[in-house]
Amino acid sequence: MKQGNEPSQARLPLSWFRQGALPLAPQLLGRTIVRVTDEGVIRARIVETESYVAPHDKGCHAYNNRRTKRTETMFQRAGHAYVYLIYGMYHCLNVVAAEEGQAEAVLIRAVAPLTECDESIMKRYRSLSSNKFVNLSNGPGKLCRAMHIDKSFDGYDMIAGEEMWLEAGKPVMPEHILCATRINIPYAEEYADVLWRFYVADDPYVSVKDKQAVSLAVRERMLETFGSEDFGWN
DNA sequence: CCTGCGATGGCCT
DNA sequence: GGCCATCGCAGGA
């Protein structure tokens with residue numbers, strides 16, 4: 001019998017994934033990512049995300065709707081995984097978030113293992129010798145290594161797939177969500193300063209905490225006031 | 001706590 | 001040839 005506070009294990013449907021990267025990113029927080037590996041099933045809670053939105057976003061690989069072998073996955077239907085290699089040795093996992101032909105995706109930047117069993121498997125894949133468990137998955141490259149996600153999952157269908165998917169979990173309420181600038185995209189010019197990174201306030205697995213972060217509610221009020229992402233801070 | 005730096009390879013001009 | 005949605009380590013405060 002399901003208890004009232006127990007996180008939902010229902011798979012998230014296509015209609016939920018396709019709402020666009022900006023609405024989706026904060027709603028991904030608190031959801032469960034499930035990965036079926038040779039070492040066992042890993043379940044983890046998403047605690048940090050970033051939105052990437054073609055065509056205008058200069059931080060997005062598909063800026064100006066650039067279609068290349070790598071970015072082609074971002075143009076797929078929502079619910080596919082976009083996985084790419086970064087700095088020659090790490091992978092990053094994104095969830096495609098719009099209609100086919102429209103390149104929007106949400107980068108999963110940090111997750112927290114749900115149980116000691118999850119920790120144990122992730123620790124093995126990470127080759128982590130210390131007991132500083134936050135190091136398992138407090139970063140996009142770390143979580144991919146911990147959950148054994150690599151380029152073979154690029155284009156993977158997370159709505160129907162049997163090796164990796166998302167469950168409803170327990171969404172994080174807006175008052176517990178902070179918004180901040182995205183990490184390591186100084187080249188994105190005016191889009192380097194938009195508050196498109198979202199994370200769970202006070203969660204130890206968040207990769208980078210930003211003193212200037214604002215609550216989701218504040219960001220939305222500012223959007224109404226300024227009518228754009230440019231809040232006049234620069 | 002912080003800052004700098006090397007690793008390492010696919011991607012894109 | 002240069003860049004890169006990263007990480008772990010070294011060294012200093």
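Lettering of chains follows the sequences in order, A, B, ..., and the numbering in each one begins at 1.
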Write down the distance between [atom1] ([X]) and [atom2] ([N]), rounded to a whole number of angstrom.
X: A/Leu85; N: C/dT6; atom1: CG; atom2: P; value: 12 Å
X: A/Asp150; N: B/dG10; atom1: CG; atom2: C1'; value: 14 Å
X: A/Asn138; N: C/dC7; atom1: CG; atom2: P; value: 8 Å
X: A/Leu107; N: C/dT6; atom1: CG; atom2: C1'; value: 11 Å
X: A/Arg182; N: C/dT6; atom1: CZ; atom2: C1'; value: 17 Å
X: A/Ile108; N: C/dT6; atom1: CD1; atom2: C1'; value: 16 Å
X: A/Ile86; N: B/dC12; atom1: CD1; atom2: P; value: 12 Å
X: A/Lys69; N: B/dG9; atom1: NZ; atom2: C1'; value: 14 Å

[X] side-chain N/O to [N] phosphate OP1/OP2 under 4.0 Å:
X: A/Arg126; N: C/dG8; answer: yes
X: A/Lys142; N: C/dG8; answer: yes
X: A/Arg70; N: B/dG10; answer: no
X: A/Thr68; N: B/dC11; answer: no
X: A/Arg66; N: B/dT13; answer: yes
X: A/Arg145; N: C/dC7; answer: no

Listed nucleotide nearest any side-chain atom of [X], set [options]:
X: A/Pro140; options: B/dG10, B/dC12, C/dT6; value: C/dT6
X: A/Asn184; options: C/dT6, B/dC12, B/dG9; value: C/dT6
X: A/Ile183; options: B/dC11, C/dT6, B/dG10; value: C/dT6

Carboxylate-amine/guanidinium contact A/Lys58 A/Glu189, below 4.0 Å = yes
With a 4.5 Å limit on heavy-atom distance, are the side chains of A/Leu166 and A/Arg31 in contact?
-> no
Position toward the 5' end of DNA chain B (nearest nucleotide), A/Lys151 or A/Met89 | A/Met89
Side chain to side chain contact (heavy atoms under 4.5 Å, CB included) partners for A/Ala78, two or more places apart = A/Leu14, A/Phe17, A/Arg18
Other residues, nucleotides, ligands: >12 heavy atoms within 6.0 Å of A/Arg124 CZ = yes
Mark yes when over 12 heavy atoms from residues, nucleotides or ligands other than A/Glu175 sit less than 6.0 Å from its CD; otherwise mark no.
-> yes
Partners meeting ring-ring contact (aromatic ring centres under 6.0 Å, His included) with A/His56 (sequence neighbours left out) | A/Tyr191
Same apolar cluster: A/Met147 and A/Tyr125, side chain cutoff 4.5 Å = yes
Identify whether a stacking contact exists between A/Tyr90 and C/dT6, where the ring centres must be under 5.5 Å apart and the planes under 30° apart.
-> no
For A/Gly141, answer base if it contacts any base atom (sugar-phosphate contacts may also be present), sugar-phosphate if it contacts only those atoms, and nothing otherwise; contact means non-hydrogen atoms under 4.0 Å.
-> sugar-phosphate
Which part of the nucleic acid, if any, lies within contact of A/Gly59, taking any heavy atom under 4.0 Å across all strands shown: a base, the sugar-phosphate backbone alone, or nothing?
-> base
Carefully, step by step, assess A/Arg219 and A/Phe198 under the rule side-chain contact (heavy atoms from CB on, under 4.5 Å).
-> CA-CA 11 Å; A/Arg219 175 175 178 270; A/Phe198 304 89; 4.2 Å; yes
Each base of DNA chain B marked ( ) or [ ] if paired in-strand (Watson-Crick or G-U under 3.5 Å), | if paired to another strand and . if unpaired gives |||||||.||||.
